[in-house]
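Encoded as structure tokens, the structure appears first; notes follow it.
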Amino acid sequence: MSAMAKKYRIGVDVGGTNVKVALVDKSGSIVYSDTVPTRAEMGYEYTISNIIKAIGDVMKEAKISKESVEGIGFGFPGQIDCDNGIVRLAPNIPGWVNIPIADIVSKEFSIPVRVDNDVRCAALAELNFGAGKGASNLICITVGTGIGSGLIINGKLVRGASNAAGEIGHIKLQMENGPLCGCGDHGCFEAFASGPAIVAMAEEYIKGGKSTKYRELAKNEITPYVVCEAAKQGDVVAKKIFEIMGNYIGIGLASVVNLLNPEKIVIGGGVADAGDLLFVPIKETLKKRAMPIQGAAVEVVHAELGNTAGVIGASLLIEN
Ligand code: ADP
Ligand code: ZN
């Protein structure tokens, strides 16, 4: 008998709070999935042993033998050594410094393991099964605590000389005296336009004496979600904040569009759930500020796969 067809892949999406594990078929459908807590404070060995158990459980529950699993892919929010399957640094997951996750997990299951950055995984998922289907030059960005991106050029994921390509959030928008960024520099794109930037701007308006709906809505703390709700209820200040954010994102994307000439930009992440409040100014600014030929070629769309993009994309690493 010939070797059993390897019909499935496993995708693992590691976040600061939870780890999602999913068995995914070749059409990008999740056959079975499970979530376990990350609990980084317990040490990486603890997290890895939970992940290994969850991978085993998912195969068992779906009644699928490991012989029919082609590969296991991991998406991490951080810098990865993709050639060796090592997590170099994951800023939101303390303790994960130079962890050879591919070695550890492939020894356990005798299945090939690949590791990459989580936004790149999302880009692969949207390209193959989501809002980016059919595109060959695609930029997928996520707007949340920071701004990350996955770049697809000529149908291929771009990783760069040291696997660190795609750091769109650290494009410089200001020469001097710009806001401090998490990377240590000043004036980066994500220091102007991201979840924390929305909150900072909202607090600034309150300090300036503006009376706002979000001040009422926020029970303990102002979040981008609360500012969005206030904007939807017609709050002028909240609407203005999203307009300014959209303008910044449009400016940042104009540079990327001029540089790479993509046909599609897919925007996801929690802050993108603000929808038109953000997308309308993004599209307007992008059309205005990109060069005409590149600007005319690009379409801006909302991500389609939501929080399943991470596991589906991670499962695709085995062929990318
Ligand atoms: P990360 O993984 O980077 O922490 P997410 O992509 O999960 O971030 O996004 C979380 C952020 O999205 C939170 O700051 C939350 O307030 C914000 N958010 C959630 N829903 C909305 C919304 N409808 N409008 C604006 N921001 C939102
Ligand atoms: Zn930066």
Side-chain angles (χ1 to χ4, degrees), residues 13-20 35 38 40 75-79 89-93 117-123 125-126 140-150 164 166-203 213-214 217-233 235 238-246 248-249 252 255 266-282 302-303 305-311 313:
D13 182 13
V14 185
T17 314
N18 287 309
V19 182
K20 289 191 211 71
T35 301
T38 309
F76 272 88
Q79 303 238 341
L89 192 69
N92 300 320
I93 314 183
N117 168 271
D118 59 349
V119 187
R120 281 194 200 144
C121 292
E126 294 290 343
C140 180
I141 75 166
T142 55
V143 187
T145 309
I147 301 181
S149 87
E167 290 291 356
I168 207 167
H170 307 282
I171 286 178
K172 312 304 173 189
L173 294 190
Q174 190 168 322
M175 183 120 107
E176 278 174 63
N177 307 318
L180 179 64
C181 179
C183 74
D185 198 12
H186 293 260
C188 296
F189 181 19
E190 74 175 36
F192 285 100
S194 59
I198 291 175
V199 174
M201 198 180 290
E203 283 167 349
K213 186 85 197 163
Y214 56 78
L217 291 175
K219 298 221 166 53
N220 299 310
E221 55 166 349
I222 294 172
T223 63
Y225 176 80
V226 166
V227 181
C228 174
E229 287 303 302
K232 282 182 185 159
Q233 292 177 31
D235 183 66
K239 283 203 281 198
K240 185 78 194 163
I241 291 172
F242 277 100
E243 194 187 315
I244 295 169
M245 284 298 139
Y248 275 126
I249 295 173
S255 296
V266 177
I267 308 182
V271 176
D273 288 345
D276 279 351
L277 281 169
L278 200 61
F279 278 69
V280 168
I282 289 175
H302 196 291
L305 300 174
N307 63 6
T308 63
V311 281

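Numbers here are sequence positions counted from 1. Remember, it's 1-based here, ligands and their atoms both numbered in the order they're listed. Since the model is a prediction, treat every value here as computed from it, not as a measurement.
- Panel note: side chain Tyr214, backbone Ala202; a donor-acceptor pair is recorded below 3.5 Å.
- The shortest non-hydrogen separation linking Val266 to Ala303 is CG1-CA, 3.5 Å.
- Taking 4.0 Å as the cut-off between side-chain N and carboxylate O, Asp235 and Lys213 do not count as a salt-bridged pair.
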With the criterion set at N/O pairs under 3.5 Å, what does the list of contacts between the protein and ligand 1 look like, atom names and distances included?
from     : atom 1 : to     : atom 2 : distance (Å)
ligand 1 : 3 (O)  : Thr145 : N      : 2.9
ligand 1 : 3 (O)  : Thr145 : OG1    : 3.1
ligand 1 : 4 (O)  : Thr145 : OG1    : 2.7
ligand 1 : 6 (O)  : Gly270 : N      : 2.8
ligand 1 : 9 (O)  : Gly270 : N      : 3.3
ligand 1 : 12 (O) : Val271 : N      : 3.4
ligand 1 : 16 (O) : Tyr225 : N      : 3.2
ligand 1 : 18 (N) : Gly270 : O      : 3.4

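- Minimum heavy-atom separation, Ala274 to Phe242: CB-CE2, 3.6 Å.
- Smallest separation of non-hydrogen atoms from Glu126 and Cys140: CG-SG, 4.3 Å.
- Between ND1 of His170 and SG of Cys181, the angle at the Zn ion (ligand 2) works out to 100°, rounded to 10 degrees.
- Take Lys172 and apply the side-chain hydrogen bond (donor to acceptor under 3.5 Å, both in side chains) test, not counting sequence neighbours, and it matches Asp185.
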